[in-house]
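Quick caveat, the model's predicted, so the values are computed rather than measured. Residue indices begin at 1 and follow the sequence shown.
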Amino acid sequence: IIAFLAMLFYHFFQVQPKQEKLKDIDIKKDSLPDKCRQVFLMSKRDNMKYQEIAQGLGISEKTVEHHISKALKTLRGKEKDIFYCLSWMA
């Protein structure tokens, strides 16, 4: 079991080249729902504050927070799944 866990940690936490990580994020970004992707890009790419995004899109700041949270969870993806799997093994 220890060897298996070591292999899992090595596989999931090995360092990817920056360009490969950016490619993965770009692919995952395209899978986001339209409004979620729009809010995420306005925040991260355009450096807009949540209040500015909310006013520009006619939504609440809480909705902006929800979209950003959803986008980050999607973009983080499988890396976090390993902890879920390991928690079931304990």
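Between atom CG of residue Leu57 and atom CE of residue Met48 there is a gap of 7.5 Å, rounded to the nearest 0.5 Å.
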Compile the donor-acceptor pairs under 3.5 Å between side chains in residues 61-73 and protein atoms, sequence neighbours left out, one pair per line.
from  : atom 1 : to    : atom 2 : distance (Å)
Thr63 : OG1    : Ser60 : OG     : 2.9

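Pairs passing the salt bridge (Lys or Arg N to Asp or Glu O under 4.0 Å) check and including a residue from residues 36-48, sequence neighbours excluded, read Asp34-Arg37.
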